[in-house]
Amino acid sequence: MKHEIKTLLTQAVSSLKTSGHLPADIDVNIQITRTKDQSHGDFACNLAMMLAKPAAKNPRELAQLLIDALPKHKIIDKVDIAGPGFINFFVSQSSALSIIDTVLTQADTFGLSNIGAGRKIQLEFVSANPTGPLHVGHGRGAAYGATVADLLEAVGFNVHREYYVNDAGRQMDILGTSVWLRYLQLCDIDVPFPSNGYQGDYVIDIARTLLAQHDKNLLHPLAAVMDEIPADEPQGGDKELHIDALIARCKILLGDDSYLQVFDLGLNTILDDIRQDLEEFGVVYDEWFSERSLAKNGLIKQAIDRLQKANYLYEKDGALWFKSTDFGDEKDRVVVRDNGQHTYFASDIAYHMDKMERGFDRVIDIWGADHHGYIPRVKAALKALGDDADKLDVLLVQFAVLYRHGEKVQMSTRSGSFVTLRELREDVGTDAARFFYVMRKCEQHMDFDLDLAKSRSNENPMYYIQYAHARICSVFRQLADKNLHHDIAAGNQHLHMLTETHEVQLINSLGKYPETVEAAALNEEPHLLAHFLRDLANELHTYYNAHQFIVDDAVMRNARLNLISATRQVLSNGLKLLGVSAPDSM
RNA sequence: GCCCCGAUAGCUCAGCAGGAUAGAGCGUCCCCCUCCUAAGGGGAAGGCCAGAGGUUCGAAUCCUCUUCGGGGCGCCA
């Protein structure tokens, strides 16, 4: 509807340009908004006020000119000028009512569009290190990313969902070493566990598997393990020294092959767990991209070579630096350390270079807000490589701060004291978790009150929406119990009987659904859809309380049933896009 | 110190490519089931949109500064 009015106005503007009432070179940006007040009609446009100055005309006069130039169309009953120069559009009743039939006909596909025209978007999200189970912080990125992906797909983009697996690097070495040390402990070696190691019980579980697979073949005496290892200094001191020495020792004692087996067991066990966790959360990926594969396939070398050739690398203090300051970064960054190992940043350059080469029209990374400082250097690298850095958008998701019993919950993966995503899902249910995460816009800090989310009370807006859906389903069950049939065709012919205020409002809201999906997708703001559904559910509940649907008058009954059936459809479509179920009964 | 995000009802948040009287939920206070799920509905109270300037026909929305929160500034990942 919005688009149709916009088209009419565009035509009006061009005919005014032809007739000389408007300068031909004027820049026109037509904005159609829904009105808040019924007396202002259904849609309003501020075009006349915006053009008043450049056209050197009084806004109200200009509005009149625009109205006179509007092509005739049956969707509009009346056009008014109001206030300082608003143009108000009154949609005709027949046109408004047609939305009901449209919804019922299009069913599951109502609200989908093809604005994206099949353009390819790569969306990378979550990408948590596989060093432990996903925690509640990752949940927000997962829910947000999955919903944005689904929304973009709904408006016609071709979306490639990807998880970047950090299966290389020091953190993974710490995990591998943690597993081995726990294994030694299971073998009754009294080795102290480093304060910096991964403390969670899942590490012990992995060690048990290791023991089952290898028996005591990976065993080494305590003296060999701890000989000349710097002391662990949890308080203040350099505890990194201790764990790094342990990693080195672990690699030497086990040898490359065995070390890799321990490492991979840890990695794969945790990755499988993450994959399953996300799947149960309704989050699926097209690709799990391995960081290790970058080195294996020579992509890191290729990226570094390209930077070198472009003359953006230099040596200092034995390390190789990238001149990211040439592209606005605040300082240069190391890509290869003095020990010859490439940094995480080097992998990331290679990864993004690869993304650019895979032919996407747009690349979106969803990161935690703590990574914001990383954006300039990645973009700098892309520019240095000669890629189009504007193709890359990084969306930052702010932290979700957890509250339990009114107090902040502290989280740390290493200490093992964290609330996992799985625990959250088990407590509040997958539906509530998905909905809750996405209710807030992503750049908003979120207070996630666990007790509130856990409570299965009406305080949770998701139940409210699901209840509206279930209520409509219940009406149709009642109808069947009374041996009455819903005659859609008959209802369609008498939609004009739906003149109650509640009915008019509900019909109006149904019409907003497609533009809401569009806005939510294009702005990457799923919360718009969540709020829309909440409002729609409210209107349904109000209508339900004010009027009986199953009335004696068959004509009125069918018309009303068409309306609530369409409402049920929109609720169902919207919830599906949010990854939330739409139950038939509750 | 520099950078990013935020500040709107008692609480949690919408509204922001400027637009016509600032919205919702929860909480508080009234009221509504002989009737399709009361897991619901109706109503009331509650606001100097953090503060100060600026831009303009018009600012919660844009710009600057200040104050107060959260996060980030490694040859960690």
Side-chain angles (χ1 to χ4, degrees), chain A residues 29 31 33 35-37 39-40 44-46 49-50 52-53 59 82-86 88 127-129 131 166 168-174 240 244 291 316-321 330-331 333-348 368-376 396-399 401 403 439-449 452 456-461 463-464 466-468 470-479 481-482 502 523 525 527-528 530-532 534-535 537-538 540-551 560-561 564 585-586:
Chain A
N29 175 18
Q31 295 173 32
T33 50
T35 57
K36 292 176 201 160
D37 190 331
S39 70
H40 297 141
C45 182
N46 61 357
M49 288 178 289
M50 297 190 47
K53 204 171 217 179
F86 288 103
N88 291 335
S127 299
N129 282 351
T131 52
N166 297 120
R170 182 163 173 270
Q171 294 305 321
M172 288 307 298
D173 282 326
I174 295 177
E240 309 293 341
D244 282 338
E291 180 186 354
K316 192 181 87 181
D317 303 332
L320 199 57
W321 296 71
E330 54 189 20
K331 56 176 285 194
R333 311 288 173 178
V334 171
V335 286
V336 181
R337 276 181 262 168
D338 56 5
N339 63 9
Q341 288 188 318
H342 62 259
T343 58
Y344 176 84
F345 179 44
S347 302
D348 239 16
D370 53 336
H371 284 68
H372 93 266
Y374 211 74
I375 300 172
L396 296 175
V397 178
Q398 293 292 328
F399 286 165
V401 181
Y403 287 87
M439 266 187 67
R440 308 268 112 98
K441 53 183 178 186
C442 70
E443 65 263 36
Q444 179 74 251
H445 296 275
M446 183 165 80
D447 285 348
F448 200 128
D449 185 332
L452 188 73
R456 293 179 177 269
S457 71
N458 55 353
E459 289 172 14
N460 192 328
Y463 287 104
Y464 184 85
Q466 290 185 323
Y467 180 40
R471 246 185 169 174
I472 297 170
C473 294
S474 171
V475 170
F476 283 95
R477 281 194 295 272
Q478 289 288 329
L479 190 73
D481 286 351
K482 292 179 179 169
H502 295 110
N523 300 314
E525 291 184 337
H527 75 276
L528 295 177
H531 285 272
F532 167 83
R534 213 262 155 211
D535 290 344
N538 179 30
L540 186 277
H541 287 309
T542 308
Y543 182 33
Y544 182 98
N545 268 268
H547 300 284
Q548 197 79 15
F549 307 144
I550 304 178
V551 289
R560 286 186 171 169
L561 289 175
I564 63 166
S585 66
M586 292 174 75

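Reminder, nothing fancy here: chain letters follow the sequence lines and each chain counts from 1.
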Could you please name the option among [options] that lies closest to any side-chain atom of [X]?
X: A:His531; options: B:A39, B:C13, B:A20; result: B:C13
X: A:Gln444; options: B:U37, B:G6, B:G15; result: B:G6
X: A:Pro84; options: B:U37, B:G19, B:C16; result: B:G19
X: A:Arg440; options: B:A39, B:G41, B:A14; result: B:A14
X: A:Tyr464; options: B:G41, B:C2, B:C16; result: B:G41
X: A:Asn88; options: B:A77, B:A20, B:G74; result: B:A20
X: A:Tyr467; options: B:A14, B:G42, B:G40; result: B:G40
X: A:Thr35; options: B:A77, B:A20, B:U37; result: B:A20
X: A:His372; options: B:A20, B:C3, B:G40; result: B:C3
X: A:Arg170; options: B:A14, B:A77, B:U37; result: B:A77

Touch class at under 4.0 angstrom, heavy-atom based, for [X] against every strand present:
X: A:Tyr374; answer: base
X: A:Asp338; answer: base
X: A:Thr33; answer: nothing
X: A:Met172; answer: nothing
X: A:Lys331; answer: sugar-phosphate
X: A:Ala82; answer: base
X: A:Asp317; answer: base
X: A:Tyr544; answer: base
X: A:Glu443; answer: sugar-phosphate
X: A:His547; answer: base

Discussion item. I'd like to know if the side chain of A:His541 reaches the main chain of A:Tyr464, judged simply by a donor and an acceptor atom lying under 3.5 Å from each other, with no hydrogens or angles considered.
Written reply: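 The answer is yes, because a donor-acceptor pair under 3.5 Å joins these two groups.
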Item to complete: Spell out yes or no: do the side chain of A:Asp370 and the base of B:G71 have one donor N/O and one acceptor N/O closer than 3.5 Å?
Response: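 Answer no: no donor N or O sits under 3.5 Å from an acceptor.
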Practice prompt. Give a yes/no verdict on base stacking between B:A20 and A:His40: centres under 5.5 Å, planes within less than 30° of parallel.
Written response: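 Taking the rule of under 5.5 Å and under 30°, the ring of A:His40 does stack on B:A20.
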